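To start, the structure itself, in structure tokens.
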Amino acid sequence: MNFDAIMDSLPANATIHLLGGTFETTGCLGWGPKTGQTIIGAGINSTTLRFPTRLDPKFKWLIEPHSPYHQTNITVSDLTLDCNYQPGTLITLNGICLHGSGNTIERVRLVNAASFTKSDRDYSESFGIIIGKFPYPFATNNVVKDCIVSNYLCNYRNNLSAIGITSDGGQILNNLVVSGGCNYVLATGCIGKGCLVSNNVTRGCKIGYHSDTSGGSTNLTVSHNEFLDCACAFFVANSTNYDLDFSSNNIVLSNDDPNFSTEGMFFCPPVAFTNIVVVGNSVSLGPLNLKNGAPTPGVNFIRANNVSGLNIHDNSVAAGLRSVFVNCAGMTTNNSGPPPRPNP
């Protein structure tokens, strides 16, 4: 309570240095960052903000501005956020959410985010590191970089959206997302115009890049990422998307969930997609999706629906890996290239 009271008393546009140590907090119940604040810890694993061991159902976000969420231009860096999930608790715990424009989250580690419910029917999604336009009609210049998300916990099919931005010009750069044995992690995702998702590494996540929210993306670039041991590297649904560049990514497909298809890329019906470039990617298979040296049935490089202007060339694809195209027009394909790169 003392930490929360002090943080809540600090003014807008303040620079706040947190020393090393662990600070228990009720999160957004007790305080919220204000416009222009810069909150700097002593480093990942040196400064930790943590929910108390006695979890309260009212706990939501470790860091989020207070309603009505009009605080913008906030920077949070160099600390660990520990949602501190306790076994046997039915609760959903989230990391950090900032709103509007000009926000930066960098060198932040999130651990022990969680979503536990009574049954499969009580779906509850947990969110990790998020920047959204709400409550504004649009937002610009938001960045998440050099962050780590790991130790996610859940039951049933409750998902964690690890890192996401809803903003024009949003950037998700140089982050690491590790599922930690839970395969329901959706690693990265953007909604907006001119977004860049680059040089991220995801390990064991269900989906490397995921978007199923209305609004879609225009002029999106997803490049130079390592999507390792995923069920799907790139999944987009429920929105119209234009001018997407998916290039120079290293993909290792590995999935033992019979309820989820395994694809390098999945453009999900019934929405339409226009002007998609898939170039210079490496796609290989993990042991879960190899049988006698060949891909297991239902594993694909690309599953594309309702795509107009699909240019696929110079990708290195595992032998025997095929693609499925439904209602696609203006396609150009040429996948000659060297063998896929090994799993690093």
Side-chain angles (χ1 to χ4, degrees), residues 60-61 64-65 67-70 72 92 94-101 103 105 115 121-144 157-172 177 184-197 205-222 231-246 260-261 263 265-278 302-310 326-329:
K60 298 299 180 184
W61 294 92
E64 185 186 34
S67 177
Y69 312 112
H70 287 130
T72 64
T92 297
N94 307 295
I96 176 172
C97 182
L98 302 180
H99 300 264
S101 299
N103 300 291
I105 302 172
S115 184
R121 295 184 296 274
D122 303 323
Y123 174 81
S124 178
E125 188 167 355
S126 175
F127 295 90
I129 298 174
I130 304 294
I131 304 177
K133 67 180 181 180
F134 180 83
Y136 300 93
F138 65 91
T140 61
N141 300 322
N142 289 305
V143 179
V144 177
R157 296 183 178 277
N158 299 321
N159 289 335
L160 170 74
S161 289
I163 299 176
I165 292 179
T166 301
S167 168
D168 292 349
Q171 298 185 51
I172 298 176
V177 183
Y184 292 97
V185 177
L186 316 178
T188 64
C190 286
I191 299 292
K193 299 177 181 178
C195 294
L196 174 63
V197 179
C205 300
K206 177 68 77 175
I207 301 176
Y209 176 93
H210 174 270
S211 173
D212 64 358
T213 305
S214 62
S217 297
T218 301
N219 194 24
L220 167 69
T221 299
V222 180
C232 186
F234 182 93
F235 177 94
V236 180
N238 300 331
S239 60
T240 301
N241 294 262
Y242 299 89
D243 302 327
L244 308 184
D245 182 335
F246 187 80
F260 197 95
S261 61
E263 333 278 354
M265 301 184 72
F266 189 4
F267 299 95
C268 188
V271 297
F273 306 87
T274 304
N275 295 338
I276 313 297
V277 176
V278 182
I302 297 176
R303 182 181 292 273
N305 299 267
N306 306 323
V307 179
S308 176
L310 181 56
V326 178
N327 193 28
C328 294

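Worth saying up front: this structure is predicted, and the values here are computed from it rather than measured. In this chain, residues are counted from 1 in sequence order. What's counted below: heavy atoms across the whole structure, side chains too, no hydrogens, waters or symmetry copies.
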Practice prompt. Flag the pair I276 / V278 as yes when at least one side-chain heavy-atom distance between them is below 4.5 Å, and no otherwise.
Written response: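 The answer is yes, as the side chains (C-beta and beyond) meet within the 4.5 Å cut-off.
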Worksheet item: Do S167 and I131 come within less than 4.5 Å of each other through their side chains, counting heavy atoms only?
Response: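 Not in contact.
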Fill in: Donor-acceptor contact present, side-chain T188 to main-chain G208, <3.5 Å
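Present.
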Practice prompt. Would you confirm whether D212, through its side chain, and N238, through its main-chain N or O, come within 3.5 Å as a donor-acceptor pair?
Written response: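 No, the answer is negative, given that no donor and acceptor are paired below the 3.5 Å cut-off.
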What residues, two or more places apart in sequence or in another chain, satisfy side chain to side chain contact (heavy atoms under 4.5 Å, CB included) together with [X]?
X	value
D168	T140, K193
C328	A304, V307, F325, M331
V271	F273

Going by atom type alone, with no hydrogens or angles, which donor-acceptor pairs under 3.5 Å involve a side-chain atom of residues 239-246 and a protein atom two or more places apart or on another chain?
residue, atom, partner, partner atom, Å
S239, OG, N241, ND2, 3.1
N241, OD1, S217, N, 2.8
N241, ND2, S239, O, 2.9
D243, OD1, N275, ND2, 3.1
D245, OD1, S247, OG, 3.0

Item to complete: Determine whether the side chains of N306 and N327 contain a donor N or O and an acceptor N or O closer than 3.5 Å.
Response: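 Checked: N306/N327 side chains pair up, N/O donor to acceptor below 3.5 Å.
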Item to complete: Could you list the residues that satisfy ring-ring contact (aromatic ring centres under 6.0 Å, His included) with Y136, not counting sequence neighbours?
Response: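 Testing Y136 for ring-ring contact (aromatic ring centres under 6.0 Å, His included), a comparison that skips the adjacent residues, returns H70.
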Worksheet item: Out of F266, Y209, F267, which residue meets the ring pair (Phe, Tyr, Trp, His ring centres under 6.0 Å) rule with F235?
Response: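 Of F266, Y209, F267, ring pair (Phe, Tyr, Trp, His ring centres under 6.0 Å) with F235 is met by F266 alone.
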Practice prompt. Measure from NZ or CZ of K133 to the centre of the six-membered ring of F138, then state whether that distance is under 6.0 Å and the direction lies within 45° of the axis.
Written response: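 Judged by the rule, K133 and F138 form no cation-pi pair.
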List the atom pairs, donor and acceptor, that lie under 3.5 Å between side-chain atoms in residues 122-130 and the rest of the protein, sequence neighbours left out.
residue, atom, partner, partner atom, Å
D122, OD2, S119, N, 3.4
D122, OD2, S119, OG, 3.2
Y123, OH, E125, OE1, 3.2
Y123, OH, N159, ND2, 3.4
S124, OG, T92, OG1, 2.6
E125, OE2, S161, OG, 2.4
S126, OG, L93, O, 2.8

